[in-house]
Amino acid sequence: MGFGLILQLSSMALGATPPQPWEAWKDLEQLARLEPTAQTLLRSSYCLDGCRHDRSSEGDTRFIRTEGDEAIIFDAAGPGAITRIWMTSRIDGSHPVEIPPSVTLRLYLGDDATPTIDMPLHALFDSSTAPFLAPLVGDDTVSSGGFFSYVPISYSNGAKIALLNADTVKLWYQINHTQLPAGSEVRNFDPASDFSQFTDLLSTPASSPWTNTTRSESQLTLGANTTVYDSSGSGWIKELRFCGLAPSSLSEFEIEIRTDDTFFSVPMQDYFINIDGAALATQSVLTGTDKEGCLYSWFPMPYNEQATITVVNHGVDQEVTVEIGTDDRSPGPGYGRFYVTQTTSCPTAPPDDAVLLEVHGNGKWVGLASQLTSWQTANRSYLEGDERIHLDHSEDARLYGTGTEDIFNAGFYFIDGPFSLATHGAPHLARPQPDLDVVNAYRMMTTDFVSFRSRMQLRLENGPWGDTPLCQRSTSYLYLQPTPKVQEIEQFLTGDGTHQQHPEPTQCTSLTAYLGDEPPTLLEQSVCEVDRQLTFEFQPPRTDGLFLLRRFADVGSTTPPLHVAINGRSVGTFPIMVENSARRWASQDMVFQLGDAHTKTLVASIESTNGEAFSSGRWEIHAEFGDLFFGSTFESPP
């Protein structure tokens, strides 16, 4: 079994196939399982050349490359899955938003010359073609200006998405994908796949998805501090429902949850995304308000020693009905503890990005709810800011978006008004004052979660040029182990003369340029052109832990994919780096495990897949705590 696969969940029948990391609909307990070997990435149409504002001109294709009459917008190597596709388009700048019927999408798996999917692009979202059916997909009328698909497209050895007849189309896109280490067992996507279980989960979001719980119901008076659940030992909290709270007084309440050593306290109106005066009630797949006005939460909360839930009331006492669903099975190893955290900034401080989330440890980000408002103007251009997600202390963003409403699968400032879906929504859009615009939006990421191993930071650009202050209040839902999984152990600088090199790399220069972020990060280092292959050695005291290999390269021109082997064993491929001559520096991560290598010395071999020379700057090795690297050499092969 590939080491990228997770262990079988305790609630699954003996002998059942373990779900992949993105297959939480098969067993929602998996949402709480941490996936440190899963890299969660985003390919998007964000502007590469420093123009900051989203590209909008005809002929600005945002393609990786062209192959004949096909324009490639996505290209991944190794095993993994596309977990989310978002797009939007406008033909002539008028409403409605449309994708031209002439644009065709083709999906290729591995080295297949025949596409697995060959269909009009708009048909991917209009629920006309199985398995791309609602509620897994939706068009602009459903998602307020955006087109989305949550149909998981898995691949065992790479995938490629090509468009035809899109050369002059104004098209914006985001494609989330999860990459697993080489050797992970993944089945290729089959258009005949049955996703009915996933469909059922999203079709009734306000109904509990849990069937293996013990439910209790109690009538309580919520005073100043009321403990509604207290348990010792191990188990799960899976259902939480409050009925009878007056919406107008909800701002007076906070919910405090402790599971083992993890504790958080947040306002109840934020936790349940209950927005006073909203046009629609939030009814997401994990939390919200049902048709009876009851607040619900279906987040699985595992614990091994203790769990308590307390409601803090800063107002008058209220009579409520509290329903709790629990499971007394031990969760076992591998699960994070449920954690909710908030950030608030008003106004933000351009040119610095607004920080919507910053958390340290080994974790998994599964949800976001934000209130965003303009600052001293009703102009909605504050929604033009791109999101940038930095993972594991990366200097440039690992996930780089295309605009604020795009995070929530909408488009053009939520052009069709409020909406609320199981996976995402914007239930409240308002202009309460002539100089104030307000947006409340959310996104639940059961399949398109973001994994991190030591740190995650979610930043938001201040408008199209980074100079438009706004106000934000953001609630993030995570699963977390507070101890980081990896730390940086060693750095190698190609051609710097501090490590043994045989022979010396040629064509090395000192490059001073800006890393791909805004505001930009200045990076000054040596960068070399390496002919074909590069090797380096390291001697860890153990080899059965997690490794993260990070490369820095000059992307003044497109760099080829790089295959990586450790002691002759393939561990993955760094994908192509698209040319970005305006910013030059870029970096990539690769996560892998080896098992027991039966040797103290590990030799990493980096080789271009097409035999061409490639750019090489700094290399970093991150490893689990306790792994100390020493006696390292860095060399080019003879």
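Values in this document were obtained by computation on a predicted structure and should not be read as measured data.
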Any sub-3.5 Å donor-acceptor pair from [X]'s side-chain atoms to [Y]'s backbone N or O?
X: T213; Y: W210; answer: no
X: T199; Y: F195; answer: yes
X: T178; Y: A81; answer: no

Would you say [X] and [Y] make side-chain contact, with heavy atoms under 4.5 Å?
X: L28; Y: Q30; answer: no
X: L31; Y: R33; answer: no
X: T404; Y: L372; answer: yes
X: R241; Y: V322; answer: no
X: T37; Y: L546; answer: yes
X: Q269; Y: I275; answer: no
X: P135; Y: S203; answer: yes
X: D386; Y: Y400; answer: yes

Exercise for review: Determine, step by step, whether W236 and Y335 satisfy the ring pair (Phe, Tyr, Trp, His ring centres under 6.0 Å) criterion, reporting the C-alpha distance in whole Å, the side-chain angles of both residues, the deciding distance to 0.1 Å, and the verdict.
Suggested key: CA-CA 11 Å; W236 298 75; Y335 293 95; 5.2 Å; yes
Practice item. Examine K364 relative to F449 and say whether NZ or CZ is less than 6.0 Å from the centre of the six-membered ring and inside a 45° cone about the ring axis. Key: yes
Check your understanding: What is the ring orientation for F148 with H424, classed by angle as parallel under 30°, tilted 30 to 60°, or perpendicular over 60°?
Key -> perpendicular
Review point. Aromatic rings Y271 and Y477: how do their planes relate, parallel, tilted or perpendicular, breaks at 30° and 60°?
Key: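 Ring orientation, 0 to 90° scale: perpendicular.
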Exercise for review: Sort out for me which residue in R473, Q472, E358 forms a side chain to side chain contact (heavy atoms under 4.5 Å, CB included) with T343.
Suggested key: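 The passing option is Q472.
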**Study point:** Among T446, T83, N176, N409, side chain to side chain contact (heavy atoms under 4.5 Å, CB included) partner for Y150
**Key:**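 Among T446, T83, N176, N409, the one that satisfies the side chain to side chain contact (heavy atoms under 4.5 Å, CB included) with Y150 is N409.
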Cationic N near anionic O, under 4.0 Å, [X] to [Y]:
X: R443; Y: D448; result: yes
X: E395; Y: R550; result: no
X: E323; Y: R215; result: no

Exercise for review: Check the pair Y46, D406 against side-chain hydrogen bond (donor to acceptor under 3.5 Å, both in side chains), reporting the backbone distance first and the verdict last.
Suggested key: CA-CA 11 Å; Y46 84 90; D406 310 349; over 6 Å; no
Exercise for review: I would like to know whether E387 and R459 meet salt bridge (charged side-chain N to carboxylate O under 4.0 Å, His left out); could you show each step before the answer?
Suggested key: CA-CA 6 Å; E387 80 273 21; R459 304 178 187 175; over 6 Å; no
Practice item. Decide yes or no on side chain to side chain contact (heavy atoms under 4.5 Å, CB included) for Q39 and D589, but give the supporting numbers first. Key: CA-CA 8 Å; Q39 283 188 267; D589 291 346; 3.5 Å; yes
Check your understanding: Taking the six-membered ring for Trp, are F264 and F338 ring centroids under 6.0 Å apart?
Key ->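 When the ring centroids of F264 and F338 are compared, they turn out to be within the sub-6.0 Å range.
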Point to revise | F408-W86 aromatic ring centre distance below 6.0 Å | key: no
Review point. Side chain to side chain donor-acceptor pair (under 3.5 Å) with N462: which of D352, T348, T468?
Key: T348
Point to revise | With R337, the side chain to side chain donor-acceptor pair (under 3.5 Å) member among D260, D261, T259 | key: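 When D260, D261, T259 are each tested with R337, the side chain to side chain donor-acceptor pair (under 3.5 Å) holds only for D260.
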Exercise for review: For Q342 and S476, run side-chain hydrogen bond (donor to acceptor under 3.5 Å, both in side chains): C-alpha distance rounded to whole Å, both residues' side-chain angles, the deciding distance at 0.1 Å, then the answer.
Suggested key: CA-CA 6 Å; Q342 288 189 309; S476 290; over 6 Å; no
